[in-house]
Q: 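Right, I'll just put the structure down here and ask away after.
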Amino acid sequence: MTEALETALRTIDGALATALVDYGSGRALGMLGSGINLEAAALGNTAVVQAKMRTMELMGIAGSIEDILITLETQYHILYIVPTHTLFMYLVLDKDQANLALARFKLRSLTHALMTS
């Protein structure tokens, strides 16, 4: 897990911080990076994921969430939901340095590699 988090920070342009979070409990299983309180982010973003899942259920939307993107003034926050697990990878990007499409692709690839290793 630590290797996947380190790889995300090292290979994704603009990456500032990353975490693997259990959205069943809101607990971060691993965290790396700086400039953000990752424990608080894990709890807050767990609420976001759970709320979206409840909303989809209420609306009768079948399927699952792939990722959630939160755009801030200077940052992107990506919550990539790990298929068949109660986990999400959380990635904070500097908006001026990031390529959002490439970051989403790399985050998905890293997460799949982590889950299959």
Q: At their closest point, which heavy atom of Ala103 faces which heavy atom of Leu93, and how far apart are they?
A: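 It is CB-CD1, 3.6 Å.
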
Q: Would you check if Thr71 and Leu100 make a side-chain contact, meaning some heavy-atom pair closer than 4.5 Å?
A: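 Contact flag for Thr71/Leu100 side chains = no.
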
Q: Look at the side chain of Glu39 and the backbone N and O of Ala28, then say whether any donor-acceptor pair between them is shorter than 3.5 Å.
A: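 No; judged by distance alone, with no hydrogens or angles, the pair does not exist.
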
Q: What are the two closest heavy atoms between Gly26 and Ala42, and how far apart are they?
A: O-CB, 3.6 Å

Q: Before giving the answer on side-chain contact (heavy atoms from CB on, under 4.5 Å), spell out for Glu3 and Thr7 the whole-Å C-alpha distance, their side-chain angles and the decisive distance to 0.1 Å.
A: CA-CA 6 Å; Glu3 183 178 329; Thr7 300; 4.1 Å; yes

Q: Run the side-chain contact (heavy atoms from CB on, under 4.5 Å) test on Met115 and Val82 for me, step by step, so that the C-alpha distance in whole Å, both residues' side-chain angles and the decisive distance to 0.1 Å come before the verdict.
A: CA-CA 8 Å; Met115 292 300 118; Val82 180; 3.4 Å; yes

Q: Is Asp67 close to Arg108 at the side-chain level, that is, under 4.5 Å between some pair of heavy atoms?
A: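 Side chain of Arg108 against side chain of Asp67, heavy atoms only: no contact under 4.5 Å found.
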
Q: Could you tell me if the side chain of Ser64 sits less than 4.5 Å from the side chain of Met56, heavy atoms only?
A: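 Heavy-atom side-chain distance check fails, nothing below 4.5 Å.
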
Q: Ignoring hydrogens and geometry, is there a side-chain-to-backbone donor-acceptor pair from Lys95 to Leu72 under 3.5 Å?
A: yes

Q: In terms of hydrophobic clustering (I, L, V, M, F, W, Y; side-chain heavy atoms under 4.5 Å; direct or indirect links), are Leu114 and Leu87 co-clustered?
A: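 Yes: a chain of side-chain contacts under 4.5 Å links Leu114 to Leu87.
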
Q: Show the numbers, then the answer: is there a side-chain contact (heavy atoms from CB on, under 4.5 Å) between Ile12 and Leu91?
A: CA-CA 10 Å; Ile12 299 175; Leu91 180 64; 3.8 Å; yes

Q: Contact between Ile70 and Leu79 at the side-chain level, heavy atoms closer than 4.5 Å - yes or no?
A: yes

Q: State yes or no: do Ile68 and Met59 share one hydrophobic cluster built from I, L, V, M, F, W and Y residues joined by side-chain heavy-atom distances below 4.5 Å, directly or via other members?
A: yes

Q: Can you see which heavy atom on Asp13 is nearest to which on Gln97, and at what distance?
A: CB-O, 3.5 Å

Q: Side-chain contact, heavy-atom cut-off 4.5 Å: His77 with Ile36?
A: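 Yes. Closest side-chain heavy atoms under 4.5 Å.
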
Q: Nearest 0.5 angstrom please: Leu5 CG to Arg10 CZ, how far?
A: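 If we round to the nearest 0.5 Å, Leu5:CG and Arg10:CZ are 11.5 Å apart.
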
Q: Ignoring hydrogens and angles, tell me if any N or O in the side chain of Thr18 forms a donor-acceptor pair with the backbone of Tyr90 under 3.5 Å.
A: yes

Q: Indicate the atoms forming the closest heavy-atom contact of Ala17 with Leu38, along with that distance.
A: CB-CD2, 3.9 Å

Q: State whether the side chain of His112 and the backbone N or O of Leu110 hold a donor-acceptor pair below 3.5 Å, judged by distance alone.
A: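 No, the answer is negative, given that no donor and acceptor are paired below the 3.5 Å cut-off.
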
Q: Indicate the atoms forming the closest heavy-atom contact of Ala19 with Met31, along with that distance.
A: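 Result for this residue pair: CB-CG, 4.1 Å.
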
Q: Quick one: closest heavy-atom pair of Ile65 and Ile81, and the distance?
A: O-CB, 3.4 Å

Q: Identify whether Leu32 and Leu29 are in the same connected component of the hydrophobic contact network (ILVMFWY, side-chain heavy atoms under 4.5 Å).
A: yes

Q: Any chain of hydrophobic side-chain contacts (each under 4.5 Å) joining Val49 to Tyr80?
A: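 No: no chain of side-chain contacts under 4.5 Å links Val49 to Tyr80.
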
Q: Supply the atom-to-atom distance His85 NE2 to Tyr23 OH, rounded to the nearest 0.5 angstrom.
A: 10.0 Å

Q: Do Ile78 and Leu107 come close enough that some side-chain heavy atom pair is under 4.5 Å?
A: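 Yes, side chains in contact.
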
Q: Same cluster for Met53 and Ile61 if Ile/Leu/Val/Met/Phe/Trp/Tyr side chains link at under 4.5 Å?
A: yes

Q: Is Phe88 close to Thr46 at the side-chain level, that is, under 4.5 Å between some pair of heavy atoms?
A: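 With C-beta onward as the side chain, the pair touches.
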
